[in-house]
S.K.: 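Here it is, the structure, as structure tokens.
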Amino acid sequence: MVYHHGVGGPPSHNARPHQMGHHGMEGLDMLDPLTSSSMTTLAPMGETAPPHHQLHGYGAMNHVMNHHHHPGGLGHAPPAHLGHPAAALHPDTDTDPRELEAFAERFKQRRIKLGVTQADVGKALANLKLPGVGALSQSTICRFESLTLSHNNMIALKPILQAWLEEAEAQAKNKRRDPDAPSVLPAGEKKRKRTSIAAPEKRSLEAYFAVQPRPSGEKIAAIAEKLDLKKNVVRVWFCNQRQKQKRMKFAAQH
DNA sequence: ATGCATGAGCG
DNA sequence: GCTCATGCATA
């Protein structure tokens with residue numbers, strides 16, 4: 001495992017086309033699913049993805065579309081595409097959820113075999129020098145392995161991690177060892193403190209979410225006040241909750 | 001492994 | 001203000 005410091009790759013990000021927002025109802029007064037109703041613990045998870053999804057990027061390229069895609073995702077832009085309305089073909093070996101799932105598992109297994117940690121992989125990615133690809137965090141590697149990323153995110157990361165794996169295994173054969181081993185922690189910066197939403201409040205939020213996953217700003221404010229939480233905390237909580245529903249694990253893909 | 005957060009990009 | 005990709009902090 002090659003350590004190295006000074007990482008901190010600030011890759012670029014993405015964007016995505018539209019969003020939909022609407023829903024003609026607004027129960028502004030029924031703001032208490034827990035106490036006034038009889039729902040305490042429901043199980044959300046009901047995706048019906050509207051027409052969206054995104055594409056993009058890590059760095060500078062890499063585009064991934066909804067479904068369909070070509071092999072070899074990164075480092076170049078795949079040529080043309082079809083615009084056929086009737087081109088609903090192939091279980092696409094690259095976007096196929098099962099293919100991704102299989103790869104993720106293989107990846108993890110081989111990674112462990114190499115004696116490399118998730119964090120190591122993340123940093124090592126920067127050494128691959130792939131165009132537009134910098135380091136990634138342990139979190140991301142972990143999520144990739146456990147499929148807790150969006151389908152598109154998985155597709156975009158797969159070629160990158162695959163490249164790393166091949167490289168790592170190739171070097172492992174040559175029994176290479178790096179003579180460098182500096183690792184001085186930057187030290188100094190301030191730590192961010194993480195808000196922790198208490199269980200009762202979390203249960204309330206879940207209940208609200210089950211009723212309205214996309215509350216208006218005003219509604220969020222009302223909920224925030226009722227639960228005695230900052231409005232932004234509540235807003236972010238809803239955003240994260242929605243994002244969770246879109247992870248491969250939850251998305252009804254298998 | 002996962003909770004809460006940031007920031008880019010877009011309407 | 002949202003979605004999405006991603007990460008720090010933490011359990």
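No experiment lies behind these values; they were computed from the predicted model shown. Only this structure's heavy atoms are used, side chains among them; waters, hydrogens and symmetry mates stay out. Naming convention: chains lettered A, B, ... in sequence-line order (proteins, then strands); numbering from 1 in each chain.
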S.K.: Give the intermediate values and the outcome of side-chain contact (heavy atoms from CB on, under 4.5 Å) for residues A:Gln162 and A:Phe103.
M.R.: CA-CA 9 Å; A:Gln162 187 160 42; A:Phe103 177 75; 3.7 Å; yes
S.K.: How would you list, by chain and number, every residue that makes a side-chain hydrogen bond (donor to acceptor under 3.5 Å, both in side chains) with A:Glu99, sequence neighbours excluded?
M.R.: A:Lys158
S.K.: Have a look at A:Lys230 and say if it touches a base, only the backbone sugar-phosphate, or nothing, with a 4.0 Å heavy-atom cut-off.
M.R.: nothing
S.K.: With the side chain of A:Ser150 defined as its heavy atoms from C-beta on, choose the nearest nucleotide among C:dC8, C:dA5, B:dT2.
M.R.: C:dA5
S.K.: If I take atom CH2 in residue A:Trp237 and atom P in nucleotide C:dG1, what distance separates them, rounded to the nearest angstrom?
M.R.: 19 Å
S.K.: Checking contacts here: which listed nucleotide (B:dG3, B:dA1, B:dA5) is nearest the side-chain heavy atoms of A:Lys244?
M.R.: B:dG3
S.K.: Under the salt bridge (Lys or Arg N to Asp or Glu O under 4.0 Å) rule, collect the residues that match up with A:Arg111, sequence neighbours excluded.
M.R.: A:Glu145
S.K.: Does A:Arg242 place a side-chain N or O at less than 4.0 Å from the phosphate oxygens OP1/OP2 of C:dT3?
M.R.: yes
S.K.: May I ask you to say what A:Arg143 touches in the nucleic acid, namely base, sugar-phosphate or nothing, with a heavy-atom cut-off under 4.0 Å?
M.R.: base
S.K.: Between A:Tyr208 and A:Trp237, is the ring centre distance below 6.0 Å?
M.R.: no
S.K.: Could you tell me the separation between the CZ atom of A:Phe144 and the C1' atom of B:dA1, rounded to a whole number of Å?
M.R.: 17 Å
S.K.: Is there a donor on the side chain of A:Asn240 or the base of B:dA5 sitting less than 3.5 Å from an acceptor on the other?
M.R.: yes
S.K.: Out of B:dA5, B:dC4, B:dT2, which nucleotide sits closest to the side chain of A:Ile197?
M.R.: B:dC4
S.K.: Determine the contact category for A:Ser139: base if any of its heavy atoms lies under 4.0 Å from a base atom, sugar-phosphate if only primed atoms, P, OP1 or OP2 are that close, otherwise nothing.
M.R.: base
S.K.: Quick check: on DNA chain C, is the nucleotide nearest A:Lys193 upstream (toward 5') of the one nearest A:Ile141, or the reverse? Name the residue that is more 5'.
M.R.: A:Ile141
S.K.: Indicate the atoms forming the closest heavy-atom contact of A:Leu147 with A:Ala104, along with that distance.
M.R.: CD2-CB, 3.9 Å
S.K.: Of the options B:dA5, C:dT10, C:dT3, whose atoms approach the side-chain atoms of A:Lys246 most closely?
M.R.: C:dT3
S.K.: Does A:Thr195 have a side-chain nitrogen or oxygen under 4.0 Å from the phosphate oxygens OP1 or OP2 of B:dC4?
M.R.: no
S.K.: Report yes if at least one side-chain N or O of A:Arg235 is closer than 4.0 Å to OP1 or OP2 of C:dC2; otherwise report no.
M.R.: yes
S.K.: Strictly below 4.0 Å: does A:Lys202 bring a side-chain N or O up to OP1 or OP2 of B:dC4?
M.R.: yes
S.K.: Answer with base, sugar-phosphate or nothing: what part of the nucleic acid does A:Gln118 contact at a heavy-atom distance below 4.0 Å?
M.R.: sugar-phosphate
